[in-house]
Peer 1: 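One structure, as structure tokens, below. Some questions next.
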There are 2 protein chains.
Amino acid sequence: MTAVNESTSPPTRRQQIIQVAAELFAERGFHGVSIYDLGAAMGTSGPALYKHFASKDALLGAMLVDISETLLAEGTARARAARSDGPDAELAALIAWHVEFALTRPALITVQFRDLASAAEADRRSVRRLQRRYVELWVAAITAAVGTDEPHARSAAHAVFGLINSTPHSARLDGDDMAGLLRRMAVAALHAAG
Amino acid sequence: MTAVNESTSPPTRRQQIIQVAAELFAERGFHGVSIYDLGAAMGTSGPALYKHFASKDALLGAMLVDISETLLAEGTARARAARSDGPDAELAALIAWHVEFALTRPALITVQFRDLASAAEADRRSVRRLQRRYVELWVAAITAAVGTDEPHARSAAHAVFGLINSTPHSARLDGDDMAGLLRRMAVAALHAAG
DNA sequence: GACCTAGGTTAGCGCTCGATAACCACGCGT
DNA sequence: ACGCGTGGTTATCGAGCGCTAACCTAGGTC
């Protein structure tokens, strides 16, 4: 529901918990992190979590939905802003946004495609609906810029997500260098999908 | 220790268990699958597992090591076979092999980069050692074919793994079409890494 | 035909986890 | 001055898990 940056408001406790939990989940997986681990990492202990989330599953759900909403909302905004500069610029904007997100929030990226299966059915459906819209944004940009048919554009989009999302596993170059590398590889890969 | 295809011998029970477990782990994650789930999927019940593996962790370890050994062994063989045809052919052979593996064994690919964190320390070390050798194989081929420096080649290799490994998450085209798409995208992405 | 071994069975132990209950302290509006 | 909501605490419960123990075959060997 709430976006990651609620404009100027200081981060609420829920958001703090989500951030800390994301790091732990990324390291050890959702089922590998206990409520007590979470409390310890927060400086509180154990069941304090339940003052902010109805369950451990609800925490995961909120985290995953937040990520998907951020990706979609910012992606939509940036694509629209670049649209007047042509299809290539729009695609470049999407790529730049996804690369930026993956490099600055590796934990979120990791959790998103690692622990989605652990989420409750309802949350999983919400996330997939948002993800589908995000993919459609890419598919539109790819077909416009490269001229592929839709099915290939869809598979190519997923492949490029995999390419960009690989950063958490890779011994990193420094940030800007890595961002440039990923952007160039993504553009080239997509142009080869035609 | 034993490769996936022990030539002509029928699959031993251990290998059957590993295959069945891989499917379940890929769906629900290592911690999301209980010993009893495993037994049920095997047609036996529960603790029968311990006649074949010392622990649930040992099963995961054997699975992960098997995957890494297969990738490295076959990758080494194919790269050597193609080497006489030049650097581009060697790189193409590596790409073709990885694509083939990812398309025919999606569950193994998923577990490999999802549940490695759940493995015991010793197994994790073994797997990482094998993975590192596999990456070095790619780095050598990439630097020879494209002319990048080593750090960029290493990051590019990881990115291409992510690209190819994304197939389990993608609504699939038919096999050959998907394989071709991935190969083209991988080649283009690597040539853009220079 | 006795015997071992490979591969199963069920019962149950001990521990960890998620979740709840009951209680407590501070800050703030009236 | 007081009441109450907010966000914490500890104790505890119940379930599910990994794993072990003890026992039971069938098949092959001498």
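So you know, we letter chains A, B, ... as the sequences are listed, proteins then strands, and number each from 1.
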Peer 1: What integer distance in Å separates A:L38:CG from C:dT16:P?
Peer 2: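 Those two atoms, CG and P, are 18 Å apart.
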Peer 1: Are there any protein N/O atoms within less than 3.5 Å of an N/O atom in nucleotides 23-25 of chain C, and if so, which ones and at what distance?
Peer 2:
none

Peer 1: Taking only residues two or more places apart in sequence, or in another chain, which ones meet B:F161 in a ring-ring contact (aromatic ring centres under 6.0 Å, His included)?
Peer 2: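 Testing B:F161 for ring-ring contact (aromatic ring centres under 6.0 Å, His included), a comparison that skips the adjacent residues, returns B:H98, B:Y134, B:W138.
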Peer 1: Looking only at side-chain N and O atoms, does B:Q112 offer a donor or acceptor that is under 3.5 Å from a partner on B:S68?
Peer 2: yes
Peer 1: Working to the nearest 0.5 angstrom, can you tell me the gap between A:I35 CD1 and A:K56 NZ?
Peer 2: 6.5 Å
Peer 1: Output the rounded distance in Å from CE (A:M42) to P (D:dT9).
Peer 2: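 After rounding, the reported distance stands at 10 Å.
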Peer 1: Name all residues meeting the side-chain contact (heavy atoms from CB on, under 4.5 Å) criterion together with A:A117; count only those two or more places apart in sequence or in a different chain, and write none if there are none.
Peer 2: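 A:A117 satisfies side-chain contact (heavy atoms from CB on, under 4.5 Å) with B:R114 only.
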Peer 1: Quick one: do A:L24 and A:R28 satisfy side chain to side chain contact (heavy atoms under 4.5 Å, CB included)? Show the steps, please.
Peer 2: CA-CA 6 Å; A:L24 294 183; A:R28 312 207 282 271; 4.1 Å; yes
Peer 1: For the atom pair CZ (A:R129) and CG (A:L72), what is the distance rounded to the nearest 0.5 Å?
Peer 2: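 The CG atom of A:L72 is 11.5 Å from CZ of A:R129, to the nearest 0.5 Å.
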Peer 1: I'd like a table of donor-acceptor pairs (distance under 3.5 Å, sequence neighbours excluded) in which one partner is a side-chain atom from residues 185-194 of chain A, with atom names and distances.
Peer 2:
none

Peer 1: How would you summarise protein contacts on nucleotides 16-21 of chain D per nucleotide, using B for base, S for sugar-phosphate only and - for none, with heavy-atom distances below 4.0 Å?
Peer 2: -SBBB-
Peer 1: Pairs in or reaching into residues 27-68 of chain B: which pass ring-ring contact (aromatic ring centres under 6.0 Å, His included), with residues at least two apart or in two chains?
Peer 2: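 Counting only pairs at least two positions apart or across chains, the ring-ring contact (aromatic ring centres under 6.0 Å, His included) contacts touching residues 27-68 of chain B are B:F25-B:F30.
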